[in-house]
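Some notes on the structure that comes next.
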Amino acid sequence: MASVLYFLGKRIWGYLELSTAKTTIFAQILGSKTRQVFLMNKIVIAIDGYSGCGKSSTAKEVAKQLGYTFIDSGAMYRATALHFLNLNLSPLRPEDVEIGLRSLQISFQLNPETGKQETYLNGVNVEKEIRTMRVSERVSEVATVKEIRAELVAQQQQLGQKKGVVMDGRDIGSVVFPDAELKLFMTADVETRARRRQIELQEKGEQVSLEEIKLNLENRDQVDSNRSESPLIKVADAIEIDTSTLTFSQQVDQILDLVKKVTIN
Ligand code: DC
């Protein structure tokens, strides 16, 4: 591979590298504030890991910088949990699961004002509601049910069919996209995760004690890692990223560097 163009501008500089072997064209343009990476060969990036270690926000920023689609698979489980709560259905009763799945429609839409992707349940924007403690307390149970997982996994695979996707969750590298070109496993110590989650909730006007958040995270880690259906595991070919001492931009940069390696080699 040879670097064929190196350009430095007033505010923007970029370089273009050509890999003739794989006809990979890698162009990187750096602006003063934003950086975008355009790749000809789009890949699937699977990000798994424990609750609250910043998977979604990191995945979202990585997708933005790559011009990829970001899919928050946890939001789909959360919307399903909310649906079951709204209809007073038990995910543990097979007849309720059938009713719940039959009337479940989840979609994502970009909010033009914020530029952020939001989750819709049967046509209603539920982005805020699915992040409340009420839903967090029920979602792990919903995610243990085989039929629910089968339905959501099928939808996720459909969304990633054309590649150019960053998806985060618990079973992305193991079940949803076992052939993903880049698999990451994110971790962080529980104290750090609880503090970050508390700030997120405070920003949304929900006051929850650190202890309550910690208990919820530990409980979800326990259920997610020990359930019989697609438990959270670090697959052999996943690269672990411990975010406990990393800043947000360090996390994003580490992943972009890995993407660069995978797509150029
Ligand atoms: O990523 P999150 O915390 O928003 O996910 C909410 C819950 O959904 C989490 O406790 C586990 C479950 N989940 C899952 O089982 N599989 C996924 N791919 C994503 C989330």
Side-chain angles (χ1 to χ4, degrees), residues 44-60 62-63 70-85 91-92 97 100 104 106 108 116-119 121 126-160 165-178 180 183-188 190 192-194 196-198 200-201 204 206 208 213-235 238 243:
V44 171
I45 305 171
I47 307 184
D48 290 302
Y50 296 107
S51 296
C53 52
K55 296 185 302 295
S56 293
S57 39
T58 309
K60 198 182 298 176
V62 168
F70 159 64
I71 298 155
D72 175 357
S73 71
M76 298 170 80
Y77 287 92
R78 286 173 177 274
T80 307
L82 178 63
H83 184 58
F84 276 67
L85 277 167
L92 304 180
V97 171
L104 176 77
I106 301 167
F108 296 107
K116 287 184 181 158
Q117 183 180 279
E118 295 180 338
T119 314
L121 167 62
V126 291
E127 186 55 37
K128 276 203 184 113
E129 213 176 343
I130 60 169
R131 314 279 167 198
T132 58
M133 284 302 278
R134 175 175 166 253
V135 172
S136 294
E137 276 161 9
R138 297 298 293 275
V139 64
S140 275
E141 185 180 62
V142 161
T144 61
V145 181
K146 189 178 176 181
E147 291 74 16
I148 294 177
R149 298 202 72 84
E151 175 61 33
L152 297 189
V153 166
Q155 289 184 22
Q156 289 152 9
Q157 287 171 334
Q158 183 76 25
L159 291 167
V165 153
V166 187
M167 192 177 293
D168 80 292
R170 305 295 186 289
D171 60 344
I172 311 304
S174 57
V175 176
V176 183
F177 296 120
K183 296 181 188 176
L184 305 167
F185 191 84
M186 281 174 66
T187 62
V190 73
T192 309
R193 292 190 275 145
R196 287 178 186 164
R197 183 51 57 94
Q198 191 183 42
E200 258 174 45
L201 288 167
K204 289 172 189 159
E206 207 177 341
V208 187
I213 297 171
K214 229 175 100 177
L215 273 175
N216 175 261
L217 291 176
E218 284 169 341
N219 185 39
R220 283 202 284 144
D221 288 349
Q222 162 76 12
V223 178
D224 295 342
S225 307
N226 294 294
R227 66 184 176 218
S228 57
E229 292 302 322
S230 317
L232 168 65
I233 49 158
K234 177 179 172 267
V235 287
T243 69

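Counting convention: from 1, in listed order, for ligands and their atoms alike. Start at 1 with the first residue, then count along the sequence.
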Shortest protein heavy-atom distance from atom 12 (C) of ligand 1, along with the residue and atom involved | A143 CB, 3.8 Å
Verdict with supporting geometry, S140 and N219, side chain to side chain contact (heavy atoms under 4.5 Å, CB included) | CA-CA 9 Å; S140 275; N219 185 39; over 6 Å; no
In I71, I45, I47, the residue satisfying side-chain contact (heavy atoms from CB on, under 4.5 Å) with M167 is I71
Could you see which bit of Q156 sits under 4.0 Å from ligand 1, with heavy atoms only: side chain, backbone, both or neither?
-> neither
Pair R196 + E200: basic N to acidic O under 4.0 Å = no
At under 4.0 Å between heavy atoms, which part of R149 makes contact with ligand 1: side chain, backbone, both or neither?
-> side chain
Below 4.0 angstrom, N of the basic side chain to O of the carboxylate: do D221 and R193 qualify?
-> yes
So, R170 side chain and P231 main chain: donor-acceptor pair closer than 3.5 Å or not?
-> no
Any chance the side chains of E151 and Q155 put a donor and an acceptor closer than 3.5 Å?
-> yes
Under 3.5 Å between some N or O of ligand 1 and some N or O of D171?
-> yes
With a 4.0 Å cut-off on heavy atoms, is R227 touching ligand 1?
-> yes
At what distance is the nearest protein heavy atom to atom 19 (C) of ligand 1, and which residue and atom is it?
-> S73 OG, 3.3 Å
D224 and S51, any side-chain heavy atoms less than 4.5 Å apart | yes
The atoms of ligand 1 lying under 4.0 Å from a heavy atom of D224, numbered in the order shown, are 9 (C), 10 (O), 11 (C)
Considering only non-hydrogen protein atoms, determine which one is nearest to atom 4 (O) of ligand 1 and report residue, atom name and distance to 0.1 Å.
-> R78 NE, 2.7 Å
Please determine if S56 has a nitrogen or oxygen closer than 3.5 Å to a nitrogen or oxygen of ligand 1.
-> no
Smallest heavy-atom separation, K55 atom then D48 atom, equals CD-C, 3.5 Å
Closest to atom 1 (O) of ligand 1 (judged by heavy-atom distance), picking from K55, R170, R220 | R170
Is the closest basic N to carboxylate O distance between K128 and E118 below 4.0 Å?
-> no
One finds that the ligand 1 atoms under 4.0 Å from a non-hydrogen atom of G169 are 17 (C), 18 (N), 19 (C)
Please report which non-hydrogen protein atom sits nearest to atom 8 (O) of ligand 1, along with the residue it belongs to and the distance in Å to one decimal place.
-> Y77 CB, 3.5 Å
For S140, atoms of ligand 1 separated by under 4.0 Å from a heavy atom | 10 (O)
